[in-house]
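Reading through the C-alpha cells given below for one structure.
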Amino acid sequence: MMSNGLDSGVVGQQNGSSGNSVGGGQEESKTNLIVNYLPQTMTQEEIRSLFSSIGEVESCKLIRDKVTAGGTVGWPNSINSPEKMDSEVPGVMTSPLLTGQSLGYGFVNYHRPEDAEKAINTLNGLRLQNKTIKVSFARPSSEAIKGANLYVSGLPKNMTQQDLETLFSPFGRIITSRILCDNITVRQFVSGAGENLPGLSKGVGFIRFDQRLEAERAIQELNGTIPKGSTEPITVKFANNPSNNNKSIPPLAAYLTPQATRRFAGPIHHPTGRFRYSPLAGDLLANSMLPGNAMNGSGWCIFVYNLAPETEENVLWQLFGPFGAVQSVKVIRDLQTNKCKGFGFVTMTNYDEAVVAIQSLNGYTLGNRVLQVSFKTNKSKTT
DNA sequence: CGACGGGACGC
DNA sequence: CGACGGGACGC
C-alpha cells in the first residue's frame with residue numbers, strides 16, 4: 001500500500017466535503033485534474049488520448065521545462081566537446097520541438113465533473129512504462145500554495161511514511177509525503193518485493209503542504225525536535241527548488257556503457273507497444289528490419305542528412321539528446337577539408353525513442369537546411 | 001538535385 | 001557526517 005510509492009489520502013481529501021478552511025476560500029474545480037509522475041517520453045497528445053478514454057476533454061497541457069541555456073537540451077556536450085556552446089546551433093534552442101523536457105506533470109480539464117471523478121478512480125495509480133501516475137484534482141493556482149515543500153532529515157530509520165504524515169498533519173493539509181530509501185528501483189519493478197524487502201530508510205524525506213504558511217509553521221514547531229521514540233533531533237526546512245538542481249547532468253561515468261546510460265533514460269522498450277498504432281512507426285520498423293540495417297545489436301543507428309559543412313558532433317547531441325538515450329554520434333567529414341560531407345550518424349539505445357526522434361527531426365529546419373532523418377540503411381560506396 | 005562511416009578477434 | 005523524491009499548480 002504505502003510502499004507502492006503512491007501518496008496517501010490526497011484524492012479523497014480533495015474531493016471530499018471537508019471545508020477548505022485555509023487560504024482565500026477559492027472553490028476548487030471539479031473538472032480540472034493534475035496528473036503527476038508521467039513518463040518522461042509521454043507527449044501532451046498521448047496524455048489527451050489517454051484521458052479522452054474517460055470522457056470529453058476540454059483542455060490538456062503537459063508542463064515542459066522552459067528552455068534555458070545550459071539546460072537539459074545541451075547536456076551531452078559535456079562528453080563530446082565541452083568547449084562547444086549551445087549558441088553554435090542555430091534554431092535548436094528556439095525550436096518548438098525542443099522547448100524543454102517534460103516536467104512529468106500536466107493538467108487535464110474535463111467538460112463534465114463526473115468524468116473528472118471517473119478519471120481519478122480509473123487512472124490514478126495506472127502504471128505507464130516505469131511510472132505509476134497520480135491523478136488528482138488540481139488546486140486553484142495561487143502564490144499561497146507555492147514553496148510549500150519541506151525537506152526533513154534526521155528521521156529515525158524505522159519511521160514510516162505513515163508515521164511521518166502523522167507527525168506533520170497537525171500543521172496542515174499534506175499533499176505528498178515521502179521517505180527516501182535505498183533500492184527504490186527494486187521496490188518499483190519486482191512485484192511483491194516492495195512488501196517484503198522495503199528499502200532501508202535513508203532517514204530523510206519530504207512533506208508537501210497545501211499552503212506555504214502551513215509549511216512555515218511546521219518548520220517552527222518541528223525543526224530541532226526529537227520524535228517520540230527517537231534520540232536525535234530532526235531538521236525541517238524548505239526543500240530545494242527542483243528547477244535549480246543539476247540532476248539533468250549525470251556523472252560522466254553514466255555514459256561509459258549502454259547499460260549505465262539506460263538508467264538515465266527510462267526503461268528498455270521493445271519494438272512494439274505504445275507506437276504500434278502509428279502507421280509511420282510501422283514503416284520505420286519495416287525498413288529497419290532489412291538485413292544489415294539500423295539495429296546493430298547495441299543500439300539503433302540513425303542517418304542524418306543535409307548537415308552544414310561546419311557541423312560538429314555537439315549539434316547531433318543537442319538534436320537527439322532530448323529524445324532519449326544517445327550512445328554515439330558521428331559527423332562524417334571529408335578527409336582533406338575536414339568539413340562535414342553533409343551527413344552523420346546517431347546511435348540511440350531504445351527503439352521507441354529513436355522512432356520519436358526520427359519522426360520529430362525528419363523535416364526539421366536547422367539553420368536554413370531541412371534535415372532528412374531516418375534509420376540507417378546499408379548503402380555503401382564499396383558494395 | 002544531392003544521400004548511408006569506421007572500426008573491428010571475443011565469446 | 002550529510003543526505004533533496006518520481007522536477008506538484010499552468011516553464
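Side-chain atoms are counted along with the backbone in the values below, which use heavy atoms only and exclude waters and symmetry mates. Here is the naming used below: chain letters follow the sequence lines, and residue numbers restart at 1 for every chain.
Here Phe107(A) lies parallel enough and close enough to stack on the base of dG10(C), with planes under 30° and ring centres under 5.5 Å apart. dG7(C) has no stacking from Tyr105(A) on its base ring, since the centres under 5.5 angstrom apart and planes within 30 degrees of parallel are not both found.
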| field | Worked verdict on Phe303(A) versus Phe345(A) for ring-ring contact (aromatic ring centres under 6.0 Å, His included) | value | CA-CA 5 Å; Phe303(A) 175 64; Phe345(A) 298 94; 5.8 Å; yes
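Defined by atom type and a distance below 3.5 Å, a donor-acceptor pair is missing between the side-chain atoms of Ser102(A) and Gln40(A). Checked by atom type, the side-chain pair Glu58(A)/Asn109(A) shows a donor-acceptor distance below 3.5 Å. A side-chain donor-acceptor contact under 3.5 Å links Arg369(A) and Asn306(A). With hydrogens and angles left out, the side-chain atoms of Asp163(A) and Thr166(A) include no donor and acceptor closer than 3.5 Å.
A donor N or O paired with an acceptor N or O is not found under 3.5 Å between the base of dG10(C) and the side-chain atoms of Asn109(A). Counting distance only, with no hydrogens placed and no angle test, the side-chain atoms of Lys341(A) and the base atoms of dA3(B) include no donor-acceptor pair under 3.5 Å.
Nucleotide dG5(C) carries a syn base; the chi torsion (O4'-C1'-N9-C4 or O4'-C1'-N1-C2) is within 90° of 0.
Within the cation-pi definition used here (under 6.0 Å to the ring centroid, within 45° of the axis), Arg212(A) qualifies as a partner of Phe238(A).
You'll find the side chain of Leu123(A) stays beyond 4.5 Å of the side chain of Leu33(A), heavy atoms only.
The side chain of Lys134(A) contributes no N or O atom lying less than 4.0 Å from OP1 or OP2 of dG7(C). Distances shorter than 4.0 Å separate some side-chain N or O of Arg208(A) from OP1 or OP2 on dC9(C).
Taking every side-chain heavy atom of Phe303(A) into account, dC4(B) is the closest of dC4(C), dC11(C), dC4(B). When the nucleotides dC4(C), dG10(C), dA3(B) are ranked by their closest atom to the side chain of Ser141(A), dG10(C) comes out on top. Considering only side-chain atoms of Leu180(A), the nucleotide from dG10(C), dC4(C), dA8(C) that sits closest is dC4(C). Here dG5(B) is the nucleotide among dC11(C), dG5(B), dG5(C) with the atom lying nearest to any side-chain atom of Cys301(A). When the nucleotides dA8(C), dG5(C), dG10(C) are ranked by their closest atom to the side chain of Lys146(A), dG10(C) comes out on top.
Rounded to whole angstrom, the span from the NZ atom of Lys131(A) across to the C1' atom of dA8(C) amounts to 13 Å. Atom-to-atom, CZ of Phe343(A) to P of dG2(B) comes out at 15 Å; the value is rounded to the nearest Å. The distance between atom CG of Asn241(A) and atom P of dA8(C), rounded to the nearest whole Å, is 10 Å. Taking atom CG of Leu62(A) as the reference point, atom C1' of dA8(C) lies 13 Å away to the nearest angstrom. Taking atom CG of residue Leu316(A) and atom P of nucleotide dC4(B), one finds them 16 Å apart after rounding to whole Å. Summarising the geometry, the separation between CG on Asn32(A) and P on dG10(C) is reported as 11 Å, rounded to the nearest angstrom. The nearest whole Å value for the distance from the CZ atom in Phe345(A) to the P atom in dG7(B) is 13 Å. Regarding Phe206(A), its CZ atom lies at a distance of 9 Å from the C1' atom of dA3(C), rounded to whole Å.
Nearest-nucleotide positions on DNA chain C place Tyr151(A) closer to the 5' end than the other of Tyr151(A) and Asn36(A). Ranked by how close their nearest DNA chain B nucleotide is to the 5' end, Tyr305(A) and Arg333(A) are led by Tyr305(A). Each of Lys157(A) and Ser59(A) has a nearest nucleotide on DNA chain C; the 5'-most of these lies closest to Lys157(A).
Residue Ser102(A) is classed as a base contact, given a heavy-atom separation below 4.0 Å to a base. Across all strands shown, Gln40(A) has heavy atoms under 4.0 Å from base atoms, whether or not it also approaches the sugar-phosphate.
Comparing the same atom, P, in dA8(C) and in dC4(C) gives a spacing of 16 Å after rounding to whole Å. Nucleotides dG5(C) and dC9(C) place their P atoms 15 Å apart, quoted to the nearest Å.
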